[in-house]
Amino acid sequence: MSNVLVIGAHGHVGFKMVEKLGKTGDNVFAGVRSDNQFSEYNDMRNVTPVVFNLNGTIDEMAKVYTDNSIDKIVFSAGSGGATGDDQTLIIDLDGAVKSMLAAKQAGVTRYVMVSAMGADDRSFWANSGLHGYYIAKHYADVALINSGLQYTIVRPSALTNDEETGKVDVIEQRASGMNIPRKDVANFVVAVLHDDKTINHIYEITSGSSDINDVL
């Protein structure tokens with residue numbers, strides 16, 4: 001049983017992930033930006049909401065880790081599509097990097113990043129309509145790889161609200177038209193957290209035909 005902090009627990013993927021992790025028996029801490037969001041987790045088993053401010057300092061983040069004896073971190077936060085590139089840099093890049101530095105400071109070693117398919121393909125960024133977003137995701141991934149933490153990076157294809165299938169494909173190269181339900185991204189991250197063989201690996205995933213545990 002682990003103490004897992006999900007940063008960005010109020011996001012579409014993060015919320016589903018928190019709910020699923022709680023059902024595995026882990027102690028889950030739902031990192032949200034405001035205590036006004038705490039009540040949304042009242043009916044979730046093994047879930048405790050905590051304020052985790054990505055605009056805060058490294059010391060403040062490290063204190064959340066130590067106060068709750070966190071031993072695994074999932075970063076699933078984002079500034080959202082309605083903000084500009086400035087907030088993308090502040091949240092998706094600098095917020096992520098600060099959370100990694102705080103992990104080092106607090107002695108937390110396991111860190112899972114929910115990134116985006118195409119984050120390492122510069123030829124795709126300019127025509128994606130989300131150029132700044134992919135730049136931020138790329139350099140956050142690079143920072144994690146070089147951090148010394150026990151990382152796993154999960155890069156899903158375009159996200160949908162379709163029902164989960166429990167099946168994915170791990171691919172070598174992105175292609176247009178690929179998508180995956182948010183619930184299956186959450187399923188994949190939950191499986192990653194319970195499988196140490198995934199440490200120091202990057203997975204580009206999309207909807208497919210293989211059971212998640214078989215893929216891992």
Side-chain angles (χ1 to χ4, degrees), residues 4 6-21 73-85 87-89 91-93 95-96 99-100 111-145 151-195 197-216:
V4 184
V6 177
I7 302 169
H10 200 252
H12 294 297
V13 174
F15 194 83
K16 295 172 177 63
M17 195 185 307
V18 164
E19 187 174 29
K20 290 174 181 293
L21 276 169
I73 299 163
V74 180
F75 189 93
S76 186
S79 61
T83 63
D85 285 347
Q87 285 300 309
T88 302
L89 287 174
I91 300 301
D92 298 68
L93 177 52
S99 73
M100 298 170 204
Y111 193 110
V112 177
M113 171 68 77
V114 180
S115 181
M117 184 178 288
D120 63 349
D121 181 6
R122 280 190 174 85
S123 66
F124 162 68
W125 299 349
N127 297 319
S128 69
L130 296 167
H131 199 168
Y133 170 79
Y134 281 103
I135 291 172
K137 286 298 185 187
H138 173 78
Y139 285 104
D141 289 356
V142 170
L144 180 55
I145 291 167
Y151 71 86
T152 306
I153 298 172
V154 179
R155 293 175 176 159
S157 59
L159 302 173
T160 74
N161 289 320
D162 294 339
E163 280 305 308
E164 62 194 287
T165 67
K167 296 182 182 294
V168 301
D169 282 339
V170 175
I171 65 161
E172 295 289 330
Q173 186 173 353
R174 61 164 298 279
S176 61
M178 289 182 171
N179 56 64
I180 186 170
R182 288 178 169 85
K183 289 181 179 178
D184 277 331
V185 178
N187 287 329
F188 194 88
V189 172
V190 171
V192 161
L193 285 166
H194 294 97
D195 189 344
K197 296 192 301 293
T198 66
I199 290 173
N200 297 344
H201 285 280
I202 300 171
Y203 297 93
E204 307 234 2
I205 61 170
T206 191
S207 285
S209 57
S210 300
D211 289 340
I212 289 172
N213 287 328
D214 291 342
V215 167
L216 295 180

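Atoms considered below: every heavy atom in the structure, side chains included; atoms not considered: hydrogens, waters and symmetry mates.
- Applying side chain to side chain contact (heavy atoms under 4.5 Å, CB included) to S157 and the options T206, V185, D169 leaves one that passes, T206.
- Taking all atoms of both residues into account, the shortest heavy-atom contact from A191 to N213 is CB-OD1, 3.9 Å.
- Going from atom CZ of R122 over to atom NE2 of H131 covers 8.5 Å, rounded to the nearest 0.5 Å.
- Residues passing the side chain to side chain contact (heavy atoms under 4.5 Å, CB included) test with N200, sequence neighbours excluded: Y151.
- The shortest distance between side-chain heavy atoms of I153 and I145 falls below 4.5 Å.
- Among residues two or more places apart in sequence or in another chain, the side-chain hydrogen bond (donor to acceptor under 3.5 Å, both in side chains) test is passed with D162 by T160.
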Go through M117 and I180 one step at a time and tell me if the side chain to side chain contact (heavy atoms under 4.5 Å, CB included) criterion holds.
-> CA-CA 11 Å; M117 184 178 288; I180 186 170; over 6 Å; no
Residues M17, V74; criterion side chain to side chain contact (heavy atoms under 4.5 Å, CB included); working and verdict = CA-CA 10 Å; M17 195 185 307; V74 180; 3.5 Å; yes
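- For E19, the side chain to side chain contact (heavy atoms under 4.5 Å, CB included) partners at least two apart in sequence or on another chain are K23, M44.
- Partners of D85 according to the side-chain hydrogen bond (donor to acceptor under 3.5 Å, both in side chains) rule, which considers only residues two or more places apart in sequence or in another chain, do not exist here.
- Considering only residues two or more places apart in sequence or on other chains, D120 meets the side chain to side chain contact (heavy atoms under 4.5 Å, CB included) condition with H138, R155, E204.
- Y203 pairs by the ring pair (Phe, Tyr, Trp, His ring centres under 6.0 Å) definition with F188, not counting sequence neighbours.
- Remark: E172 engages no residue in a salt bridge (Lys or Arg N to Asp or Glu O under 4.0 Å) (not counting sequence neighbours).
- Checked by atom type and distance alone, the side chain of T152 pairs as donor or acceptor with a backbone atom of T198 at under 3.5 Å.
- For K16, there are no salt bridge (Lys or Arg N to Asp or Glu O under 4.0 Å) partners, not counting sequence neighbours.
- Put simply, OH on Y111 and CD1 on I73 are 6.5 Å apart, with the number rounded to the nearest 0.5 Å.
- Considering every non-hydrogen atom in both H194 and L21, the closest pair reads CE1-CD2, 3.9 Å.
- Under the ring pair (Phe, Tyr, Trp, His ring centres under 6.0 Å) criterion, F15 pairs with Y41, sequence neighbours left out.
- The only member of K20, R182, K183 that meets side-chain hydrogen bond (donor to acceptor under 3.5 Å, both in side chains) when paired with E164 is K20.
- Closest of all the heavy-atom pairs between A136 and L93 is O-CD1, 3.8 Å.
- Partners of D211 by side chain to side chain contact (heavy atoms under 4.5 Å, CB included), not counting sequence neighbours, listed by chain and number: K167, D214.
- Here the side chain of D92 pairs a donor or acceptor atom with the backbone of S79 at under 3.5 angstrom.
- In terms of heavy atoms, S76 sits closest to G14 at OG-N, 3.7 Å.
- Listed by chain and residue number, nothing satisfies the side-chain hydrogen bond (donor to acceptor under 3.5 Å, both in side chains) test with Y134 (two or more places apart in sequence, or in another chain).
- Evaluation of the side-chain hydrogen bond (donor to acceptor under 3.5 Å, both in side chains) rule for T165 yields D184 as partners, not counting sequence neighbours.
- With hydrogens and angles disregarded, a donor-acceptor distance shorter than 3.5 Å links the side chain of S207 to the backbone of N179.
- With W125 contributing its side chain and G118 its backbone, the two residues share a donor-acceptor pair below 3.5 Å.
- Put simply, NE2 on H201 and CG on D195 are 9.5 Å apart, with the number rounded to the nearest 0.5 Å.
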